[in-house]
Amino acid sequence: TGGHTTEILRLLSCLSESYSPRHYVLADSDKMSEAKIRSFEQKRAERFSKSQFSLDRIPRSREVRQSWISSVVTTLYSILYSLPLAYKRKPDLILCNGPGTCVPVCLSAFLLGLLQIKRTIIVYVESICRVETLSLSGKILYYFSDYFIVQWPDLKKKYPKSVYLGRIV
């Protein structure tokens with residue numbers, strides 16, 4: 001939502017036409033991001049005639065200021081909701097950057113890989129605003145992602161599995 005959507009669209013603007021179709025997953029309570037995505041995709045369609053995308057919504061795994069204990073329940077619900085979506089879409093790659101919505105989607109795709117249904121490459125890009133510590137999503141997906149990208153050298157020192165590419169958004 002908000003800043004996360006802006007960051008991911010900046011990343012997507014650098015991708016070639018071969019990254020199509022794109023499937024966006026939004027929290028069901030996120031009203032702002034859909035308009036940003038549709039605008040981005042409309043401009044992209046002017047450059048790439050075969051540009052395709054879809055929007056899917058899942059229950060938000062954690063609301064702002066929601067207690068940690070209750071967020072476990074809502075995250076499990078969101079994962080259960082995400083499993084059929086991951087099975088339906090069977091993505092080759094998931095590119096995500098930090099909102100809580102990405103955790104259930106990535107864990108669902110990871111589970112499909114464990115079940116040998118579909119292997120998905122998970123690329124997590126920690127938000128540029130995370131200078132010294134990882135976000136909660138980052139702390140979880142650090143262990144499940146294939147590529148974990150940070151944008152600050154101090155994070156690379158603390159998290160050796162990460163890849164430091166400098167500021168990419």
Side-chain angles (χ1 to χ4, degrees), residues 1-66 71 74-75 77-79 81-110 112 118 120-131 134-138 140-141 144-152 155 163-169:
T1 58
H4 289 296
T5 302
T6 300
E7 284 185 6
I8 202 74
L9 293 177
R10 284 186 188 153
L11 288 171
L12 291 176
S13 68
C14 300
L15 296 181
S16 72
E17 186 177 10
S18 63
Y19 289 92
S20 185
R22 284 164 307 287
H23 304 287
Y24 297 90
V25 180
L26 304 129
D28 55 6
S29 59
D30 182 357
K31 307 300 180 210
M32 189 182 346
S33 295
E34 183 173 349
K36 287 182 178 184
I37 291 166
R38 289 193 183 280
S39 174
F40 170 82
E41 287 293 339
Q42 184 177 4
K43 291 174 187 166
R44 189 171 175 91
E46 293 169 6
R47 285 187 14 226
F48 304 117
S49 61
K50 295 180 183 179
S51 185
Q52 297 177 336
F53 78 100
S54 66
L55 291 167
D56 292 297
R57 293 189 175 273
I58 64 169
R60 189 179 289 271
S61 59
R62 184 172 184 270
E63 295 288 345
V64 176
R65 291 186 279 283
Q66 181 180 350
S71 68
T74 55
T75 300
Y77 175 67
S78 190
I79 290 169
Y81 199 92
S82 298
L83 274 168
L85 177 61
Y87 182 78
K88 175 184 169 185
R89 297 292 184 198
K90 291 186 178 79
D92 296 318
L93 174 103
I94 294 177
L95 176 64
C96 56
N97 69 326
T101 304
C102 69
V103 173
V105 173
C106 289
L107 293 179
S108 296
F110 184 79
L112 290 181
K118 172 65 176 165
T120 300
I121 296 169
I122 299 172
V123 178
Y124 181 85
V125 180
E126 185 62 273
S127 176
I128 190 140
C129 68
R130 304 307 300 208
V131 178
L134 297 180
S135 63
L136 179 58
S137 298
I140 295 167
L141 293 177
F144 297 96
S145 60
D146 296 285
Y147 300 96
F148 191 92
I149 300 169
V150 295
Q151 300 184 63
W152 294 96
L155 286 176
V163 177
Y164 169 65
L165 299 175
R167 295 181 198 164
I168 59 174
V169 293

Determine whether a donor-acceptor pair (N or O, by modelled atom type, separation under 3.5 Å) exists between the side chain of [X] and the backbone of [Y].
{"X": "Tyr124", "Y": "Gly138", "value": "yes"}
{"X": "Thr101", "Y": "Leu26", "value": "no"}
{"X": "His23", "Y": "Pro91", "value": "no"}
{"X": "Ser82", "Y": "Ser78", "value": "yes"}
{"X": "Thr75", "Y": "Ser61", "value": "yes"}
{"X": "Gln151", "Y": "Glu126", "value": "yes"}

Close side-chain approach of [X] to [Y], heavy-atom, < 4.5 Å:
{"X": "Arg89", "Y": "Ser54", "result": "yes"}
{"X": "Ile122", "Y": "Leu141", "result": "no"}
{"X": "Val105", "Y": "Ile94", "result": "yes"}
{"X": "Tyr147", "Y": "Val125", "result": "no"}
{"X": "Arg62", "Y": "Val103", "result": "no"}
{"X": "Asp92", "Y": "Ile121", "result": "no"}
{"X": "Tyr24", "Y": "Glu34", "result": "no"}
{"X": "Tyr87", "Y": "Leu112", "result": "yes"}

- Between Phe110 and Phe144, what is the ring plane arrangement, given parallel below 30°, perpendicular above 60°, and tilted in between?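 Taking Phe144 first and then Phe110, their aromatic rings stand perpendicular (interplane angle over 60°).
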
Is it true that atom [atom1] of [X] has more than 12 heavy atoms of other residues, nucleotides or ligands lying nearer than 6.0 Å?
{"X": "Lys43", "atom1": "NZ", "result": "no"}
{"X": "Tyr19", "atom1": "OH", "result": "no"}
{"X": "Lys31", "atom1": "NZ", "result": "yes"}
{"X": "Tyr77", "atom1": "OH", "result": "no"}

If I take atom [atom1] from residue [X] and atom [atom2] from residue [Y], how far apart are they, to the nearest 0.5 angstrom?
{"X": "Asp56", "Y": "Ile58", "atom1": "CG", "atom2": "CD1", "value": "9.5 Å"}
{"X": "Arg47", "Y": "Ser13", "atom1": "CZ", "atom2": "OG", "value": "7.5 Å"}
{"X": "Leu12", "Y": "Thr5", "atom1": "CG", "atom2": "OG1", "value": "10.5 Å"}

Measure across [X] and [Y] and return the closest heavy-atom pair with its distance rounded to 0.1 Å.
{"X": "Ile128", "Y": "Trp152", "value": "O-NE1, 2.6 Å"}
{"X": "Cys106", "Y": "Cys96", "value": "SG-SG, 3.6 Å"}
{"X": "Ser51", "Y": "Ala45", "value": "CB-CA, 4.1 Å"}
{"X": "Asp146", "Y": "Thr120", "value": "OD2-O, 3.5 Å"}
{"X": "Arg38", "Y": "Leu55", "value": "NH2-CD1, 3.3 Å"}
{"X": "Glu17", "Y": "Ser49", "value": "OE2-N, 4.2 Å"}

- Item | Cation-pi, Phe40 ring and Lys36 (6.0 angstrom, 45 degrees) |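 Pair Lys36/Phe40 does not count as cation-pi.
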
- Item | side chain to side chain contact (heavy atoms under 4.5 Å, CB included) between Val131 and Leu155, worked out | CA-CA 7 Å; Val131 178; Leu155 286 176; over 6 Å; no

- Query: Taking 4.0 angstrom as the limit, do Arg57 and Asp30 come out as a salt bridge?
  - Reply: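 Not counted as a salt bridge, because no side-chain N and carboxylate O are separated by less than 4.0 Å.
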
- Message: Salt bridge check, Glu41 against Arg22: does any charged N sit closer than 4.0 Å to a carboxylate O?
- Response: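 Yes.
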
- Task: Test Cys102 against His4 for side chain to side chain contact (heavy atoms under 4.5 Å, CB included), laying out the working first.
- Result: CA-CA 11 Å; Cys102 69; His4 289 296; over 6 Å; no

- Query: Are Arg130 and Ser135 close enough, and set up right, to give a side chain to side chain donor-acceptor pair (under 3.5 Å), and what steps lead you there?
  - Reply: CA-CA 7 Å; Arg130 304 307 300 208; Ser135 63; 5.3 Å; no

- Just do the side chain to side chain contact (heavy atoms under 4.5 Å, CB included) check on Val25 and Leu85 with the steps written out, would you? CA-CA 9 Å; Val25 180; Leu85 177 61; 4.0 Å; yes

